[in-house]
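Quick notes on the structure that follows.
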Amino acid sequence: NEDIFNKLKEIQNQIIPLKNSTENAFSIEANYVEVPTTLREVTRTLGHSNRINCLTKIGDNQFISGSADNTIKFWNLDDEDLKPYDCITQFTGEVSLVLLLKDKRLCISPEKGNWIKVFEKIKTYNESEGELIINNHYKVLSTLEIHKKDNTVSSMIELDNNLLVSAARDGYIIIWEFQENNFKEKASIQVCKEGVYSLCKLQDNRFASGSADGKINLWKINEEIVNNDKDKNQNKYKPITTLEGHKNKIRCLILLNNNNLCSGDVSG
């Protein structure tokens, strides 16, 4: 019947726009959220001579890039020419991770290496003007090398109270504390033999780790041990809980604004 066919065609045309907003096109609740369908390229730059391994936000419109050309470059999108306004060239090795701390120190780790170099800004005093000038140039403050040899540092995060956390493919998490103008080991946690590949800061100075065995551990400081002088050699951190939803290596963890923890593994 032609009338029935035309009516079905009319209904189909009304349903098609809903297909992208709900799994069931016939559902009354579409749960539609309006999002941009396209992203427009704002600008483009060629600032490195080899692949870029990491990007780190350092301001509203500023970021740092780490590259396989062994350099770290500083960018400002407000610059019309979009040229790097500073560059760290004294790093030895392909840059894999860059973390900017709250006090503006930089923690940098190579693609192949069990160490972290900590850089700080060079401060100079202009005697004629009588003022302190902070340049964009950086110098090496210290080198952190406790993870086992030939085990690459895979992730770094900063906690409160001058604490730095690093994870590596040796299966260890190291907690560092900034004391006397240098980072010193505060605690060492063995998670798994296959390696820890991701870290994420949570609320109340807790953090999550994702490892090669597909497990996510949530950690907090064990105040009972910290406050007991007799137990100095015991592990100062303990897992709150372990999430076992993955079966493969967990490469990334992020915390959303609603306190949902998202994880991604190598299987996709």
Side-chain angles (χ1 to χ4, degrees), residues 17-25 27-40 52-66 96-102 107 109 152-169 171-176 187 189-192 194-223 235-268:
L18 293 175
K19 286 186 176 180
N20 293 328
S21 60
T22 178
E23 293 181 0
N24 181 2
S27 173
I28 296 175
E29 289 187 13
N31 295 326
Y32 178 72
V33 178
E34 185 176 354
V35 295
T37 55
T38 59
L39 288 175
R40 179 178 62 86
I52 297 172
N53 291 328
C54 57
L55 296 172
T56 301
K57 179 183 176 182
I58 59 173
D60 291 338
N61 235 8
Q62 296 176 314
F63 63 96
I64 304 172
S65 57
S96 175
L97 297 172
V98 177
L99 175 66
L100 180 70
L101 303 180
K102 294 175 183 176
C107 295
S109 186
T152 302
V153 177
S154 51
S155 186
M156 297 184 291
I157 58 171
E158 182 182 15
L159 300 181
D160 300 330
N161 302 324
N162 293 320
L163 295 180
L164 170 69
V165 185
S166 63
R169 297 177 188 177
Y172 279 84
I173 294 172
I174 307 294
I175 314 294
W176 309 84
I189 308 169
Q190 184 175 16
V191 183
C192 72
E194 293 81 10
V196 181
Y197 282 81
S198 53
L199 294 170
C200 179
K201 184 181 184 300
L202 306 177
Q203 286 187 334
D204 302 324
N205 225 28
R206 303 178 182 190
F207 65 95
S209 66
S211 49
D213 57 6
K215 294 180 181 179
I216 300 173
N217 287 301
L218 308 183
W219 303 90
K220 73 172 183 177
I221 192 167
N222 191 337
E223 297 292 351
N235 199 337
K236 295 181 178 66
Y237 283 78
K238 64 179 182 180
I240 307 169
T241 187
T242 300
L243 312 177
E244 302 187 25
H246 289 275
K247 296 181 179 179
N248 297 281
K249 183 189 304 178
I250 299 171
R251 291 304 302 264
C252 49
L253 291 168
I254 59 169
L255 184 70
L256 303 182
N257 290 335
N258 56 7
N259 291 324
N260 285 335
L261 183 65
C262 298
S263 56
D265 64 29
V266 296
S267 69

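Nothing here was measured: the structure is a model prediction, and the numbers come from that model.
- Atoms CG and CG, on Asn260 and Leu255 in that order, are 8.0 Å from each other to the nearest 0.5 Å.
- Asp160 contributes no side-chain N or O that, together with a main-chain N or O of Asn205, makes up a donor-acceptor pair within less than 3.5 Å.
- Minimum heavy-atom separation, Ser211 to Cys192: CB-SG, 3.6 Å.
- Contact detail for Ser263 and Leu253: the closest heavy-atom pair is CB-CD2, 3.4 Å.
- Between Leu159 and Lys201, some side-chain heavy-atom pair lies under the 4.5 Å cut-off.
- A search for side chain to side chain contact (heavy atoms under 4.5 Å, CB included) contacts involving Leu101 returns Leu99, Asp103, Arg105, Cys107, Glu158, Leu164, Phe183, not counting sequence neighbours.
- Taking the side chain as every heavy atom from C-beta outward, Asn217 and Ile173 never approach each other to under 4.5 Å.
- Of all heavy-atom pairs spanning Met156 and Val153, the tightest one is CG-CG1, 4.1 Å.
- For the pair Leu202 and Leu261, the minimum side-chain heavy-atom distance is below 4.5 Å.
- In terms of the side chain to side chain donor-acceptor pair (under 3.5 Å) criterion, Lys247 has no residue partners (sequence neighbours excluded).
- Here the shortest heavy-atom pairing between Gly66 and Val98 reads CA-CG2, 4.5 Å.
- In terms of modelled atom types and a separation under 3.5 Å, the side chain of Ser155 and the main chain of Ala167 share no donor-acceptor contact.
- To the nearest 0.5 Å, atom OG1 of residue Thr242 and atom CG of residue Leu218 are 7.5 Å apart.
- Qualifying side chain to side chain donor-acceptor pair (under 3.5 Å) partners for Thr241, counting only residues two or more places apart in sequence or in other chains: none.
- Of all non-hydrogen atoms in Ser154 and Tyr197, the two that sit nearest each other are OG-CA, 3.4 Å.
- In this structure, the side chains of Cys262 and Ile254 come closer than 4.5 Å at one or more pairs of heavy atoms.
- Counting only heavy atoms from C-beta outward, the side chains of Ile216 and His246 approach each other to under 4.5 Å.
- With rounding to the nearest 0.5 Å, the separation of CG in Leu243 from NZ in Lys215 is 11.0 Å.
- Going from atom CG of Leu199 over to atom CD1 of Ile250 covers 11.5 Å, rounded to the nearest 0.5 Å.
- In this structure, Phe207 CZ and Ile240 CD1 are separated by 9.0 Å, a value rounded to the nearest 0.5 Å.
- In this structure, Ser166 OG and Ile175 CD1 are separated by 7.5 Å, a value rounded to the nearest 0.5 Å.
- No more than 12 heavy atoms of other residues, nucleotides or ligands sit less than 6.0 Å from atom CG of Asn257.
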